[in-house]
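Heads up: the structure comes next, in C-alpha cells.
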Amino acid sequence: MSERIAYSTKARHEGPKSLASIAWARICRNPLGLFSLGVVGFFLITILASASGLIAQDWDTQYAVSFAPPGLMGAQQEAIPDEVISGTIPPHSGMLDPIEMYGLKDPLQPVLDQLKDQQLQDASLRAQLPILARSPTLFLGADKWGRSVALKVIKGAETSVLVGMASALLATLIGTLLGAFAGYLGSWVDAFIEWLYGVFTAIPYLLLVFAIAAVLQQKGVFTIILILGLTGWTGVYRLIRAEYLKHKVREYVQAAQAIGASDARRMFVHILPNVSHVILVQLSQQVVNFIKAEVILSFLGFGVPVDVVSWGSILNETPNELILGYGWQLMTCGLAMAILVTAFALFTDALRDALDPRMKS
C-alpha cells in the first residue's frame with residue numbers, strides 16, 4: 001500500500017509526459033534507431049563544419065598527382081608524366097598494341113579521344129595555377145585534377161543534403177497545408193485540390209522533374225530545391241488529408257466547435273498536433289527521396305551547375321574514370337551516400353515507431 005502511494009505521489013510530481021519525451025524514450029530503447037541517429041548526426045555535424053569553413057574549404061586544391069591512388073594501395077608503379085596527360089606525348093609509346101599491329105579498330109577510341117581533348121583543356125587550366133608539391137598517394141585517392149576525393153565528397157555532401165532537407169521542408173509544408181484544407185473544408189476545395197493532385201500523379205515523378213528542369217534551363221541549387229519541393233508534395237498531401245478527414249469528426253474537435261473556436265484554430269491548433277507524427281515521418285522520408293533525386297538530376301546533367309560540387313556531379317565524372325581503371329572516387333561517393341541514406345531510412349522507421357500513439361510506452 002505504501003509503495004502504491006509513493007508511486008502515485010511521484011507520478012503527480014513528475015506530471016504528464018510530453019510526446020517528445022515519450023518518443024525520445026522509445027528511440028533510446030531501440031539500439032538500431034539510436035545508432036542510425038548517431039550516424040545521421042555525424043553526417044550533419046560534418047556538413048555544418050564544411051559549410052562554416054572548418055573543414056574541406058580547400059577541397060579544390062591539387063594535393064596529389066592526377067588520379068593518385070588511395071594510400072593503402074600505394075603509389076602507382078609508373079607515374080603518368082604531365083606530358084602524357086596533356087597529350088603532347090602519346091601514351092604507351094614503345095609498347096606493342098595488338099589493336100594497332102593487326103589494324104583493328106579500337107571500339108573505345110572515340111571515348112579515349114574525348115578524354116584526350118578534356119585532358120588538353122585541363123592541362124591548359126592547370127598550367128595557370130600555382131605549382132605545388134604533389135603527393136603520389138592520398139588517403140582516399142585523388143581525381144583527375146589531383147584533388148582529394150575525401151574532401152570533395154564532404155563538400156559534395158553539403159550540397160546534396162542541403163537540397164534534400166530544404167526540398168523536403170518545402171514539399172512537406174505544401175502537402176500539409178493542402179491536405180489540411182482539403183480534408184477539413186471538403187466541398188469544392190477538396191474537389192479542386194484532388195483534381196490538382198490527380199494532375200501531378202498522372203505523370204511519373206522523375207519524368208515530371210526532368211521536364212520542368214529542361215524547360216527552366218537554369219541550373220542552380222535554389223532552382224533544384226524549387227523543382228523538387230513543388231513536385232514532391234503529393235505523398236504528404238494524401239496522408240494528411242486522410243488524417244484530417246478522420247479527426248474532424250472526433251469529439252475534441254466538435255467540443256472546440258461548440259465553444260466557438262474558428263475553423264483555422266480547429267485545423268492548426270487542435271488537429272495539427274495530433275497528426276504531427278505523420279508529418280515528421282513524412283519529412284524524414286522526403287529527405288531521403290530528395291537526396292537521391294538530386295543525385296540523379298546532377299548525374300544526368302540537369303542538376304547543379306558545373307562550378308558547384310555535389311554527389312551527383314561527382315558520380316557524373318566516374319564513368320570515364322572507370323574506363324581508365326580508376327574507381328576510388330565512385331566507391332567513396334557511393335559508400336558515403338549509401339551509409340547516409342540507409343541510416344536516414346532506419347531512423348525514419350524508428351521515428352515512426354516512437355511517434356505511433358498505439359505503441360505502449
Side-chain angles (χ1 to χ4, degrees), residues 17-48 156-180 201 205-206 209 224-225 228-244 246-247 272-297 310-312 333-361:
K17 293 183 178 179
S18 64
L19 177 63
S21 61
I22 295 174
W24 175 247
R26 290 174 178 174
I27 290 177
C28 291
R29 290 196 297 268
N30 186 346
L32 187 59
L34 200 59
F35 176 75
S36 62
L37 177 60
V39 174
V40 172
F42 172 77
F43 270 87
L44 293 180
I45 291 173
T46 304
I47 291 169
L48 288 175
E158 179 186 332
T159 303
S160 296
V161 174
L162 171 64
V163 170
M165 296 185 71
S167 303
L169 284 172
L170 179 59
T172 304
L173 177 62
I174 295 174
T176 300
L177 291 177
L178 293 180
T201 54
Y205 177 67
L206 285 179
V209 171
I224 298 300
I225 292 174
L228 296 178
L230 294 176
T231 57
W233 54 268
T234 53
V236 182
Y237 159 79
R238 184 181 67 251
L239 293 176
I240 298 301
R241 175 180 177 271
E243 290 292 325
Y244 268 80
K246 180 174 63 176
H247 280 267
L272 186 62
N274 290 283
V275 301
S276 59
H277 62 285
V278 179
I279 298 173
L280 290 175
V281 171
Q282 286 300 304
L283 175 63
S284 180
Q285 287 181 341
Q286 293 284 56
V287 171
V288 176
N289 295 334
F290 288 142
I291 288 176
K292 294 187 289 186
E294 185 279 326
V295 170
I296 295 173
L297 282 174
S310 71
W311 282 348
C333 184
L335 185 62
M337 179 182 172
I339 291 174
L340 178 60
V341 169
T342 304
F344 232 120
L346 292 175
F347 173 68
T348 300
D349 293 338
L351 186 64
R352 182 189 298 112
D353 295 338
L355 294 174
D356 191 348
R358 295 170 294 181
M359 296 287 292
K360 294 182 179 181
S361 301

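Side chains included, hydrogens not; waters and symmetry mates left out as well; all remaining heavy atoms used.
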Within a strict 4.5 Å, meaning less than it, do heavy atoms of the Val161 and Met165 side chains meet? yes
Mind listing the closest non-hydrogen atom pair of Tyr244 and Gly179 along with its distance? CB-O, 4.3 Å
Does the side chain of Glu294 pick up a donor-acceptor pair with the side chain of Ser160 at under 3.5 Å? yes
What is the distance from atom CD1 of Ile291 to atom CD1 of Ile296, rounded to the nearest 0.5 Å? 12.0 Å
Value rounded to 0.5 Å, distance of OH in Tyr237 from CD1 in Ile174: 13.5 Å
Return the CD1 to CG distance between Ile224 and Leu162, rounded to the nearest 0.5 Å. 12.0 Å
Compare every heavy atom of Ala350 with every heavy atom of Asn30, then report the nearest pair and how far apart it is. ND2-CB, 3.7 Å
Is there side-chain contact between Trp233 and Leu177, with at least one heavy-atom pair below 4.5 Å? no
Please examine the side chains of Leu228 and Leu297, heavy atoms only from C-beta on, and report whether any two atoms are closer than 4.5 Å. yes
Report the C-alpha separation of Val287 and Phe347 in whole Å, then their side-chain angles, then the decisive distance to 0.1 Å, and conclude whether the side-chain contact (heavy atoms from CB on, under 4.5 Å) test is met. CA-CA 12 Å; Val287 171; Phe347 173 68; over 6 Å; no
Contact between Thr231 and Tyr205 at the side-chain level, heavy atoms closer than 4.5 Å - yes or no? yes
Would you name the heavy atoms of Ala171 and Gln286 that are closest together and state the gap between them? CB-NE2, 4.1 Å
Ser167 to Ile225 - nearest heavy-atom pair and separation: OG-CA, 3.3 Å
Mark yes or no for whether Thr234, through its side chain, and Thr201, through its backbone, hold a donor-acceptor pair below 3.5 Å. no
If you define the side chain from C-beta out and look only at heavy atoms, does anything of Phe42 sit under 4.5 Å from Ile339? no
Just verifying a value: how many Å separate Ile27 CD1 and Arg29 CZ, rounded to the nearest 0.5 Å? 10.5 Å
Hey, what do you get for CD1 (Ile279) to OG (Ser284), rounding to the nearest 0.5 Å? 14.0 Å
CG/Leu34 to CG/Leu346 distance, rounded to the nearest 0.5 angstrom? 12.5 Å
Tell me the closest heavy-atom pair linking Leu351 and Leu280, and the distance in Å. CD2-O, 4.0 Å
Tell me if a side-chain donor or acceptor on Ser36 pairs with a main-chain N or O of Gly33 at a distance below 3.5 Å. yes
Taking side chain as C-beta onward, heavy atoms only, is Leu272 less than 4.5 Å from Thr176? yes
May I have the step-by-step check of side-chain contact (heavy atoms from CB on, under 4.5 Å) for Arg238 and Gln282, ending in yes or no? CA-CA 11 Å; Arg238 184 181 67 251; Gln282 286 300 304; over 6 Å; no
Working for side-chain contact (heavy atoms from CB on, under 4.5 Å), residues Val281 and His277: CA-CA 6 Å; Val281 171; His277 62 285; 5.6 Å; no
